[in-house]
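Below is one structure, written out as structure tokens, with a few remarks after it.
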Amino acid sequence: MLAQYTLPEMGKVFSSENRYQLMLDVSVIACEALADIGRIPNDAYHEIKTKVAISPQRIKELEAEGCNKSMAFLSSISEKVGDAARYLQLGICYVDIADTVLALQLRQACELLQSKLNQLRKLLSKKAHEYKYTLMMGRTHGTNAEPITFGLKLAIWVREIDRSLTRLNHARMVATHGKMSGPVGTFSSIDPHVETFVCRRLGLHPVFVANQSIQRDRIAEFMSTLAIIGGSLEKFSMEIRNLQRSDIREVEECQKEGQTGSTSMPHKRRPYESEVICGLARILRGNALTSFENQDMWHEYDSSYAAVERISIPDSCIVLDYMLNSFIKLMESLRVYPDMMRQNIDNSLGLVFSQRVMLALMDKGVMRDQAYELVMRNATTAWEQQSDFQFLLLQDKEIRKHMSSREIMDLFDYDCFRKHVDYIFSRGDI
């Protein structure tokens, strides 16, 4: 992933140094498990634990000499240990180490992502309460519907983040499994105690049943979860982009001092971060697709998935981490314009009350189709002539047969769009 999108903590999780260190830790704990059942001498285990060390430079040299990654790692640490090195990775295969290490990396990544999701949830909840009663135009199909509140819009986002946290927690549980069952997963060359011992020591779940690798439906669930979270951030950002449009202008990304929106048009104020987030979400969906394709393997194992995962898993975790960080900053400094929200409602000429008028006519005994026709006729005139909807209703003799002027005027009360907000907020921990 480009350094531009890699934040330090997540970058460290998927660094070569961290991966090699985790591989070393798993290898040493496996030796401890073997010593625990008397498969290797205790002296050999202690010698390995004392002398073994990582040398990324030496691993690179061995790879350059023709060693594959697994042999380069094993040879480099064996050089440090001496004779006891013959017990390193005894009876297990490289995939045992690699899959267990990946589980540890995914756990580290999830901790960072969950922390940022919780931070975002707290921020959105605070903003939702701040703008709980702030009226704005609700829109369907891109056109005016009825007013909502900006707080309600944000409350919906809060609950979506809650679902993301639930999904990520489950995906973390599914993906953080370790394996120590050797070639093709039969335990033919290693005691099952080793898998249980290693996983318990590392805080992982033993996979229990596997072939040579841990099955990739687990990774597919994890990657699709990241894509769903990214899709939520994209949705939130798209809403901000639309609300920042010049013809709406109800919210706006905070422009940093000196920040420009266009090289040619000095007046431009573009929703830069929102656009970046929307674009990066596509990477997460693309990587999720590759994880579905990685579920298939030839018989008990092939390595077609490995090269893909070396790119897709780190990139998705890094990208989502960046997106969360960017959206948190965006929301912290988001400019909200309640006066513009109210102006956009007022610009609707009172048409937002059309349903209330129709329902009031129905309460007076008018059939629904007739009530709808009466209201729509006046609404169409108001829109086409840009005239006041309430005024037209007051002049309509057919409507006045059923409703008094005071009854019509009483319907045009914006508080009706606020009165159920408390109930909606009370239905969940927002």
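Source: prediction; values computed, not measured.
Scanning all heavy atoms of the two residues, the minimum distance from Ser181 to Ile190 falls at C-CG2, 4.0 Å. When all heavy atoms of Phe197 and Ala33 are compared, the closest pair comes out as CD2-CB, 3.4 Å. When all heavy atoms of Ala288 and Ala227 are compared, the pair lying nearest together is CB-CB, 4.0 Å.
Partner of Tyr337 under the side-chain contact (heavy atoms from CB on, under 4.5 Å) criterion, out of Met136, Glu252, Gln343, Glu250: Glu252 alone. Screening Ser27, Ser78, Cys31 for a side-chain contact (heavy atoms from CB on, under 4.5 Å) involving Gln89 leaves a single residue, Ser27. When each of Phe236, Phe150, Tyr131 is tested with Trp157 by the rule ring pair (Phe, Tyr, Trp, His ring centres under 6.0 Å), just one qualifies, namely Phe236.
No salt bridge links Lys60 with Glu63; every basic N to acidic carboxylate O contact stays at or beyond 4.0 Å. Residues Arg159 and Asp162 are paired through a salt bridge, judged by an N-O separation under 4.0 Å between the basic side chain and the carboxylate. Ion pairing between a basic and an acidic side chain is recognised when a charged N comes within 4.0 Å of a carboxylate O; Glu195 and Lys179 show no such pairing. A salt bridge is absent between Arg335 and Glu253: the closest approach of a Lys/Arg side-chain nitrogen to an acidic carboxylate oxygen does not fall below 4.0 angstrom. A salt bridge does not link Glu273 to Lys329: none of the charged nitrogens lies less than 4.0 Å from a carboxylate oxygen. Under the 4.0 Å criterion applied to side-chain N and carboxylate O atoms, Glu32 and Lys49 are not assigned as salt-bridge partners. Taking a cutoff of 4.0 Å between a charged side-chain nitrogen and a carboxylate oxygen, Arg427 and Asp422 do not qualify as a salt bridge.
Counting only distance, with no hydrogens or angles, the side chain of Asn118 and the backbone of Gln114 share a donor-acceptor pair below 3.5 Å. A distance-only check finds no donor-acceptor pair linking the side chain of Arg172 to the backbone of Arg107 [under 3.5 Å]. Here the side chain of Ser303 pairs no donor or acceptor atom with the backbone of Ala306 at under 3.5 angstrom. Side-chain atoms of Asn18 come within 3.5 Å of backbone N or O of Val13 as a donor-acceptor pair. The backbone N or O of Tyr322 sits less than 3.5 Å from a side-chain atom of Ser326, completing a donor-acceptor pair. Between the side chain of Gln355 and the backbone N or O of Val352, no donor-acceptor pair lies under 3.5 Å. Side-chain atoms of Thr100 never come within 3.5 Å of backbone atoms of Gly178 as a donor-acceptor pair (strictly under, hydrogens ignored). For the pair Ser75 (side chain) and Ala72 (backbone), a donor-acceptor distance under 3.5 Å is absent. With hydrogens and angles disregarded, no donor-acceptor distance shorter than 3.5 Å links the side chain of Ser125 to the backbone of Arg121. Side chain of Asp99 to backbone of Ser213: no donor-acceptor contact under 3.5 angstrom is found.
The line from CG of Leu168 to OG1 of Thr225 is 7.0 Å long, rounded to the nearest 0.5 Å. Distance check, rounded to the nearest 0.5 Å: CG of Leu117 to SG of Cys110 gives 10.0 Å. Annotation: the span from Asp96 atom CG to Gln212 atom CD amounts to 7.5 Å, rounded to 0.5 Å. A distance of 6.0 Å separates CG in Leu106 from SG in Cys317, rounded to the nearest 0.5 Å. Rounded to the nearest 0.5 angstrom, Thr381 OG1 and Leu349 CG are separated by 12.0 Å. Once rounded to the nearest 0.5 Å, the distance linking CG of Leu320 with NZ of Lys116 reads 9.5 Å.
Here the side chains of Phe292 and Ser224 are in contact, with some heavy-atom distance below 4.5 Å. The shortest side-chain heavy-atom distance between Lys153 and Ile156 does not fall under the 4.5 Å cut-off. For the pair Met23 and Ile54, the minimum side-chain heavy-atom distance is 4.5 Å or more. Residues Met180 and Ile29 form no side-chain contact, since every pair of their non-hydrogen atoms from C-beta on lies 4.5 Å or further apart. No side-chain heavy atom of Glu239 sits under 4.5 Å from any side-chain heavy atom of Lys235. The shortest side-chain heavy-atom distance between Asn325 and Asp321 does not fall under the 4.5 Å cut-off.
A cation-pi arrangement is absent between Arg19 and Phe14 under the rule of less than 6.0 angstrom and at most 45 degrees off the ring axis. For the pair Arg39 and Tyr45, the cation-pi criterion (under 6.0 Å, within 45° of the ring axis) is not fulfilled.
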Q.
Checking Asp25 against Arg201 for the salt bridge (Lys or Arg N to Asp or Glu O under 4.0 Å) test, could you report, in this order, the C-alpha distance in whole Å, the side-chain angles of both residues, the deciding distance, and whether it holds?
A. CA-CA 10 Å; Asp25 294 343; Arg201 180 62 61 85; over 6 Å; no
Q: Just do the side chain to side chain contact (heavy atoms under 4.5 Å, CB included) check on Glu17 and Lys12 with the steps written out, would you?
A: CA-CA 8 Å; Glu17 291 76 13; Lys12 183 179 178 181; over 6 Å; no
Q: Could you give me the CA-CA distance, side-chain angles and deciding distance for Cys278 and Arg241, then say whether side chain to side chain contact (heavy atoms under 4.5 Å, CB included) is met?
A: CA-CA 10 Å; Cys278 288; Arg241 290 171 64 187; 3.5 Å; yes
Q.
Show, in sequence, the C-alpha distance, side-chain angles and deciding distance for Ser348 and Asn144, and conclude whether the side-chain hydrogen bond (donor to acceptor under 3.5 Å, both in side chains) test is met.
A. CA-CA 8 Å; Ser348 74; Asn144 291 349; 5.4 Å; no
Q: Carefully, step by step, assess His205 and Arg200 under the rule side chain to side chain contact (heavy atoms under 4.5 Å, CB included).
A: CA-CA 7 Å; His205 305 284; Arg200 184 183 296 121; over 6 Å; no
Q: Start with the C-alpha gap between Lys419 and Asp415, add the side-chain angles, then the distance that decides, and say whether salt bridge (Lys or Arg N to Asp or Glu O under 4.0 Å) holds.
A: CA-CA 6 Å; Lys419 65 182 181 180; Asp415 283 341; over 6 Å; no
Q | Leu7 vs Ile318, side chain to side chain contact (heavy atoms under 4.5 Å, CB included): CA-CA, chis, key distance, verdict | A | CA-CA 7 Å; Leu7 302 178; Ile318 287 168; over 6 Å; no
Q) Would Arg285 and Glu234 satisfy salt bridge (Lys or Arg N to Asp or Glu O under 4.0 Å), going step by step from the backbone distance to the final call? A) CA-CA 11 Å; Arg285 287 193 288 274; Glu234 179 185 22; 2.8 Å; yes
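In the displayed structure, Tyr20 atom OH is contacted under 6.0 Å by more than 12 heavy atoms of other residues, nucleotides or ligands. Atom CZ of Arg377 is surrounded by more than 12 heavy atoms from other residues, nucleotides or ligands within 6.0 Å.
In this structure, the ring of Phe353 has its center less than 6.0 angstrom from the ring center of Tyr414. Two rings, from His129 and Phe425, have their centers less than 6.0 Å apart.
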